[in-house]
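The sequence lines fix the lettering, A, B, ..., with proteins before strands; numbering per chain opens at 1.
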Number of protein chains: 2
Amino acid sequence: MNDSDEAAFLKAYDPEAFPRPSLAVDVALVTAHEARLKVLMLQREAQPFRGRWSLPGGFVALDESLDDAARRVLRDKGGLDGVYLEQLYTFGAPDRDPRTRVISVAYFALVDHARLVAAVESSSDRSAEPIAVASLDVPWPDEVPPAGAGPIALRRDDGEALPIAFDHADVLAVLVQRLRGKLDYAALGFQLLPDRFTLRQLQDVHEVVLARPLNKDSFRRRVLASGLVAATGERETDVVHRPAELYRFVRPSGV
Amino acid sequence: MNDSDEAAFLKAYDPEAFPRPSLAVDVALVTAHEARLKVLMLQREAQPFRGRWSLPGGFVALDESLDDAARRVLRDKGGLDGVYLEQLYTFGAPDRDPRTRVISVAYFALVDHARLVAAVESSSDRSAEPIAVASLDVPWPDEVPPAGAGPIALRRDDGEALPIAFDHADVLAVLVQRLRGKLDYAALGFQLLPDRFTLRQLQDVHEVVLARPLNKDSFRRRVLASGLVAATGERETDVVHRPAELYRFVRPSGV
DNA sequence: ATAATAGTGTCTCTCAGACACTATACC
DNA sequence: GGTATAGTGTCTGAGAGACACTATTAT
């Protein structure tokens, strides 16, 4: 390739030559608590879908990468930094936003429940936008929804169902599939727990995500054999029974 | 939500209010042949990256879904219709295209080798754009590349290495990870074979994708037990040894 | 002591890998 | 018959599920 050719070409290039839709990122901030998967949702105060609940999102700036945009959304709307973040899927149906063509690159972030609650509280101080941590009602048991499975529903702690804006129910459906599919093969479960956790807590998280009970013995064996956890020598406190050992997540070598 | 409110809002909405990058789809058209994974590549005749090889791609029209755009690219540049197509990942580094900000939603398509060769030949009649079906040199053995693994390289049948345009080496790296990860859990292998195939051919495909030998007996057992294949009663012909039974892919029930 | 959960030892069942053997085509 | 690959029967070892048992804390 000839560099001066390329420089001349770039000078003459017209960036308006192709149609350009708007580009947004939406972030599902996920946690697990009390046998439920939960996500942070915001109630829309503007049209479209005013009054319905949407994932936090934002438009991508021209000089920022998609990952950076997702991290910015997480920081601005969730008050969280340094959490596990992964690109999920890109949604681009022409009519998914009635305003104009908007393509949304969906991300998901995983955080332990206590940290999410703290972040939501400090975030509510800064902004009046209604915020909720809603439970997912997943109407199918396996990784992949069978044909004809209904959409995912959201329910607040007080029991009220939250109507979902845009195609965000589809985003949540893909999210649940990704979580269930990757949980055993990647270090996702740990991301939903605090730094120190018991194996029982980790099993609870897995059971919440997979929506089925797991065998205690074989779960312990598998986790300990994976080499992804290390005993700390500490034990939990303030429990009414024999306290369990606390473990911590060990990043797999070379990654 | 109030419908007339929403209608009034839409009328007043200014679609120029947010920066809008260009949006493209790129499609990796994949096949397996002679113990190699292969992809269709085009040699760029324009800047940028003139002379280097890129995945077929195109900009997304404002009234077309992402999937439709990918199918259009497949039809226009590869001459193929009705093949397996799946969204892979979205690439959005600010400098990935030196012209302007271009976000690329990458797809991959799977097709059997004979069909790809036929499509390439008829496509070469229509267009003078240099086209190649290049072998992937994957420099890591497992599903996920270890830290410090080199980039994927492309090699033509005549042995010549093809320099890669844009960030398409990254696209190919994610592609290989997806293929290796999903091969056992989803019906991907069949998509790389013609309608009728022998179990040996299917095993060859799996070995090519995973880049490691598989146990014949247990592979046969697993495939037959999966219920995804059905014997046709026919046998292969023109082989110098005992002909194997031909099987066909049976779509999993309910999908 | 009792209650409750943590954690371990062991048996069984399933399944992948390995090997050996038989079957069947063309030469 | 020779050769090459298809296809099957059987053993073995690894690992998950199931169950029973011991351990350890608070009350």
Side-chain angles (χ1 to χ4, degrees), chain A residues 34-35 141-143 180-186 189-190 193-194 196-249, chain B residues 34-35 141-143 180-186 189-190 193-194 196-249:
Chain A
E34 288 177 344
D142 299 322
E143 181 186 332
R180 288 184 179 171
K182 265 190 104 164
L183 189 63
D184 277 342
Y185 305 95
F190 311 108
L193 290 171
R196 307 277 159 120
F197 54 86
T198 69
L199 295 184
R200 179 74 227 178
Q201 287 176 301
L202 184 60
Q203 184 176 344
D204 285 340
V205 162
H206 279 238
E207 291 182 343
V208 165
V209 173
L210 299 175
R212 64 184 171 87
L214 296 173
N215 183 277
K216 182 179 82 163
D217 318 67
S218 108
F219 182 80
R220 294 177 63 89
R221 266 182 310 210
R222 265 196 304 132
V223 169
L224 292 173
S226 75
L228 293 174
V229 299
T232 62
E234 302 165 43
R235 305 186 153 264
E236 59 181 342
T237 54
D238 298 324
V239 288
V240 70
H241 51 77
R242 171 176 173 181
E245 171 117 35
L246 291 171
Y247 289 79
R248 62 188 172 78
F249 170 50
Chain B
E34 288 177 343
D142 299 321
E143 182 186 331
R180 288 184 179 171
K182 265 190 104 164
L183 189 63
D184 278 342
Y185 306 96
F190 311 107
L193 290 172
R196 308 277 158 122
F197 53 86
T198 69
L199 295 183
R200 180 75 229 178
Q201 288 176 302
L202 184 60
Q203 183 176 345
D204 285 341
V205 162
H206 279 239
E207 292 182 342
V208 165
V209 173
L210 299 175
R212 64 185 172 87
L214 296 173
N215 183 276
K216 182 180 80 162
D217 318 68
S218 105
F219 181 79
R220 294 178 63 91
R221 265 182 310 211
R222 265 197 304 133
V223 170
L224 293 174
S226 75
L228 293 175
V229 299
T232 62
E234 301 165 42
R235 304 188 153 264
E236 59 181 342
T237 53
D238 297 324
V239 289
V240 69
H241 52 78
R242 171 175 172 182
E245 171 117 34
L246 291 171
Y247 289 79
R248 62 188 172 77
F249 169 49

- Task: Summarise how protein sits on nucleotides 8-16 of chain C as a single string, 5' to 3': B when a protein heavy atom is under 4.0 Å from the base, S for sugar-phosphate-only contact, - for no contact.
- Result: BBB-----B
Which atoms of nucleotides 23-27 of chain D (N or O only) lie under 3.5 Å from a protein N or O atom, and what are those distances?
| from | atom 1 | to | atom 2 | distance (Å) |
| --- | --- | --- | --- | --- |
| D:dA23 | N3 | A:Arg242 | NH1 | 2.8 |
| D:dT24 | O4' | A:Arg242 | NE | 3.3 |
| D:dT25 | O2 | A:Arg242 | N | 3.4 |

Counting only pairs under 3.5 Å, give me each side-chain donor-acceptor contact of residues 226-236 of chain B, with atom names and distances, residues two or more places apart or in other chains.
| from | atom 1 | to | atom 2 | distance (Å) |
| --- | --- | --- | --- | --- |
| B:Ser226 | OG | B:Val223 | O | 2.6 |
| B:Ser226 | OG | B:Leu228 | N | 3.1 |
| B:Thr232 | OG1 | B:Glu234 | N | 3.1 |
| B:Thr232 | OG1 | B:Leu246 | O | 2.7 |
| B:Glu234 | OE2 | B:Arg196 | NH1 | 2.3 |
| B:Arg235 | NH1 | B:Pro243 | O | 2.8 |
| B:Glu236 | OE2 | B:Ala244 | N | 3.0 |

- Query: Who are the ring-ring contact (aromatic ring centres under 6.0 Å, His included) partners of A:Phe197, not counting sequence neighbours?
  - Reply: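 Scan of A:Phe197 (ring-ring contact (aromatic ring centres under 6.0 Å, His included), adjacent residues dropped) gives A:Phe190.
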- Query: Could B:Asp217 and B:Arg221 be called an ion pair, given the rule that one side-chain N must be under 4.0 Å from one carboxylate O?
  - Reply: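 Here B:Asp217 does not pair with B:Arg221 in a salt bridge, since their nearest N and O are not under 4.0 Å apart.
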- Item | NZ/NE/NH1/NH2 to OD/OE distance under 4.0 Å, A:Lys216 and A:Glu207 |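 Judged by the 4.0 Å cut-off on N to carboxylate O distance, A:Lys216 and A:Glu207 do not form a salt bridge.
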Nearest 0.5 Å, please: how far is [atom2] in [Y] from [atom1] in [X]?
| X | Y | atom1 | atom2 | answer |
| --- | --- | --- | --- | --- |
| B:Arg220 | B:Arg200 | CZ | CZ | 10.0 Å |
| A:Arg222 | A:Leu199 | CZ | CG | 12.0 Å |
| A:Leu193 | A:Tyr247 | CG | OH | 14.0 Å |

- Query: Quick one, which residues of residues 197-210 of chain B touch DNA chain C with a heavy atom under 4.0 Å?
  - Reply: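 Result for residues 197-210 of chain B: none.
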- Query: Who passes side-chain hydrogen bond (donor to acceptor under 3.5 Å, both in side chains) against A:Glu245, sequence neighbours left out?
  - Reply: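 With neighbours one apart ignored, the set is empty.
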- Task: For B:Gln201 and B:Thr198, work out which heavy atoms get closest and say how close.
- Result: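 It is OE1-N, 2.8 Å.
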- Message: For A:Asn215 versus A:Gln203, what's the shortest heavy-atom pair and its separation?
- Response: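 Closest pair (atom of A:Asn215, atom of A:Gln203, distance): C-NE2, 4.1 Å.
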- Within this structure, what is the CD-to-C1' distance between B:Glu245 and C:dA23, rounded to whole angstrom?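 About 14 Å, once rounded to whole Å.
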- Item | d(CZ, A:Phe219; P, D:dA18) in whole Å |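 My rounded result for the distance is 15 Å.
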